[in-house]
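Structure, as C-alpha cells:
Atoms within a ligand are numbered from 1 in the order they appear, just like the ligands themselves. Counting from 1, the numbers follow the sequence of the chain as shown.
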Amino acid sequence: MLSNDIIAAIATPPGRGGIGVIRISGRNLQSLAKAILDSIPHPRNAHLSYFLDENGHTIDQGIAIYYPSPHSYTGEDVLELQGHGGPAVINLLLSRCLQLGARLAEPGEFTLRAFLNNKLDLVQAESIGDLIDATTADAARCAMRSLQGEFSATIQTLVRALIDLRMLVEATLDFPEEEIDFLKSVHAATRLQDIRGKLERVLVSSRQGSLLQEGVKVVLVGQPNVGKSSLMNRLSGDEVAIVTEIPGTTRDTIQQLIQIEGIPVHIIDTAGLRETTDIVEKSGIARTHAAIKKADLTLLLIDSRYGLTDADQQILQSLPADLPLLTVFNKIDLLSESARIEKEPGKPIVHLSAKTGAGLESLRMKMLEIIGWQSNIAGEGIFLARQRHLQALNKAKTHLDNAIPWVENGRQLELLAEELRLAQTALSSITGEFTADDLLGEIFSRFCIGK
Ligand code: GDP
Ligand code: ZN
C-alpha cells in the first residue's frame, strides 16, 4: 500500500477565504520545492516566498513551510503553501504542483500515509476524521483525547495483559501433566477475570462515546393530528414541519438534528401509520416504516383526551417488538389536572403539551435514559468509539467469555489458548495492528480531501 508518488491537495475548504493552503507530501520534495519557490525553505520555518509558474512568473505570494521527513504529519517530506484563498489562484498553484509530478491526493490519503509510516495508530487516525466531523463540542473534546492516544493506550494495556496470560498458557501446553496446578499457581483465572472486567468498562465508556459521536435516531409516530409535527417543532425550536388541522398533512418524513446534553439526536417526523388508499400518503407510509427500521427509539404520540385508542393499538402492533418505545401523551393542556392518569404503569410514559412546552424537559430526560446515556460518566473517560471499535470490543469480550470455563477446569488448554489469541486479535484490530487493506481503504475514504 506504500507508494512513492507525490500527492497534493487543497487543504482549505472550497470557495473564497483569507488564505488557501495546498499540502504536498512525498518521499522527496526538494526539486518540487526548488521549482515553485526558487529555493528550499529552512525546515519548519515560515518562509515568505513567491510561488512561480514554469516560466518563472509569479502565481501568488505567500508562506511556504517545509517539513522534511520524518518530522512531518505524514512522515514523508511535506510542503505547505499558504497563498491567497481565491479559487482561481489556488487552483493555478495546484495545477503547478501537478505539472511538477504530483498527483491529486485521495480523501484521507495524507492521514493514511501518516498511519502507514507509524506516525499515528488507526484509532488516532480515525479520531482526526472524528475531530473534523464533530458536530458538538463534547464530541470534539473526546476526539481530541483519542487523538492524543488515551483510547489507544487503554487498548494497549489490555492487549499487554492478554499477551502475558497467553504466554503462561502456551508455556503450560508443553507440560500437560502439570497444567492445572501451574495455571492455579499463576492465578490465571483471576487474571482473565481482571482483563474481562477492564474490557467491560472500556465497552461501557465506548458505548457512551458512540452515542456522542453517532447520535441517535428518534422517530415520531402516531395518528394524524396527535401533534407529531408540533412536538418536532418544539424540540427543535424551529418551524420545520408544517402544522395544520387537516389529518395526514405530513406526508413525507422530515428530519431535524437537535442536541440533548451534547448528544446529536436526529428526530424524524413521519406520515401517519394508518391504512390509506391515497398513493402519496402510501409512499410516505413506506418511508415511515423504513425510518422506523433504522431508529434507536420511537416516540408514540397519543392524544391525552382520548387515551390509547384502537387506532393507537394498531400502530403499536405494527412497530418492531425490539425497538425501544416511549409513549407520549400529548395535549395535556386540554385536560384538567385531575383527568391525568398514568396508563400502563411500568412502561415508559410522558405527559406533555407540545403547544405549551409543559413536560418537554421530562421527555428529554426519559429519552436519554432509554438510549442509555449515563450523564454521571459523561465528559472525562468517554472514548469516542465508532461502530468498528464497538464490534471489536464485543468480539474480544465474547472470546474472553468463552475462555473462562477452560481456565477454570484447566482442561483443553489449546482451546483456552485459541480463545485468548482471538480476543487479542480483535483488540489489536482497533489500533490497526492486524487490519486488512480493504478496511483501511474504507476508513480513509470517508475523510475529506487534503487530510
Ligand atoms: P401531526 O399530524 O401529528 O403532525 O399533528 P400536528 O403537529 O400537525 O398538530 C395537529 C393539531 O394539533 C394542530 O392544530 C396543533 O396546533 C395541535 N396541537 C399539537 N399539539 C398540541 C398540544 O399539545 N396542545 C394543543 N392544544 N394542541 C396541539
Ligand atoms: Zn405532522
Side-chain angles (χ1 to χ4, degrees), residues 217-258 260 265-319 323-344 348-367:
K217 292 201 178 64
V218 177
V219 173
L220 303 179
V221 298
Q223 294 183 68
N225 251 10
V226 287
K228 297 181 293 298
S229 306
S230 309
L231 180 60
M232 172 142 170
N233 292 349
R234 250 299 155 189
L235 284 168
S236 57
D238 193 10
E239 289 286 314
V240 280
I242 328 143
V243 183
T244 65
E245 296 278 2
I246 313 147
T249 324
T250 318
R251 287 188 157 161
D252 215 329
T253 57
I254 298 172
Q255 247 201 73
Q256 184 75 359
L257 179 62
I258 65 163
I260 305 180
V265 180
H266 300 267
I267 306 215
I268 302 143
D269 179 13
T270 64
L273 280 174
R274 64 195 183 132
E275 294 299 316
T276 180
T277 46
D278 181 314
I279 292 177
V280 183
E281 208 175 312
K282 264 195 171 158
S283 82
I285 288 168
R287 249 175 287 220
T288 296
H289 283 289
I292 289 170
K293 254 195 208 146
K294 286 188 244 151
D296 302 294
L297 169 65
T298 299
L299 302 190
L300 171 63
L301 267 75
I302 286 171
D303 192 321
S304 301
R305 289 172 297 176
Y306 314 124
L308 199 70
T309 63
D310 289 348
D312 296 327
Q313 286 285 7
Q314 269 183 24
I315 295 175
L316 201 53
Q317 264 140 37
S318 72
L319 299 174
L323 180 63
L325 178 77
L326 175 57
T327 308
V328 177
F329 287 89
N330 188 30
K331 308 198 185 184
I332 52 166
D333 57 298
L334 299 176
L335 286 187
S336 65
E337 196 72 32
S338 58
R340 240 174 271 169
I341 26 160
E342 287 272 318
K343 291 167 184 83
E344 288 198 70
I349 283 177
V350 282
H351 297 264
L352 56 80
S353 166
K355 187 169 189 175
T356 67
L360 254 284
E361 195 46 32
S362 70
L363 171 68
R364 290 193 191 93
M365 293 309 111
K366 275 258 163 58
M367 283 163 65

**OP:** Decide whether an N or O pair under 3.5 Å exists between L352 and ligand 1.
**Re:** no
Subject >> Within-cut-off N or O pair, S229 and ligand 1, under 3.5 Å >> reply: yes
Against heavy atoms of [X], which atoms of ligand 1 measure under 4.0 Å?
X    : value
L334 : 26 (N)
S353 : 22 (C), 23 (O), 24 (N)
K228 : 1 (P), 2 (O), 3 (O), 4 (O), 5 (O), 7 (O)

Original post:
Which bit of N330 gets closer than 4.0 Å to ligand 1, counting heavy atoms only: side chain, backbone, both or neither?
Top reply: side chain
Original post:
Considering only heavy atoms, does D333 approach ligand 1 within less than 4.0 Å through its side chain, its backbone, both, or neither?
Top reply: side chain
Can you check whether [Y]'s main-chain N or O pairs, donor with acceptor, with [X]'s side chain at less than 3.5 Å?
X    : Y    : result
N233 : S230 : no
S353 : K331 : no
N330 : V226 : yes
K228 : G222 : yes
D296 : K217 : yes
R234 : K355 : yes

Subject >> Of the listed options G357, S304, S230, closest to atom 7 (O) of ligand 1 (non-hydrogen atoms) >> reply: S230
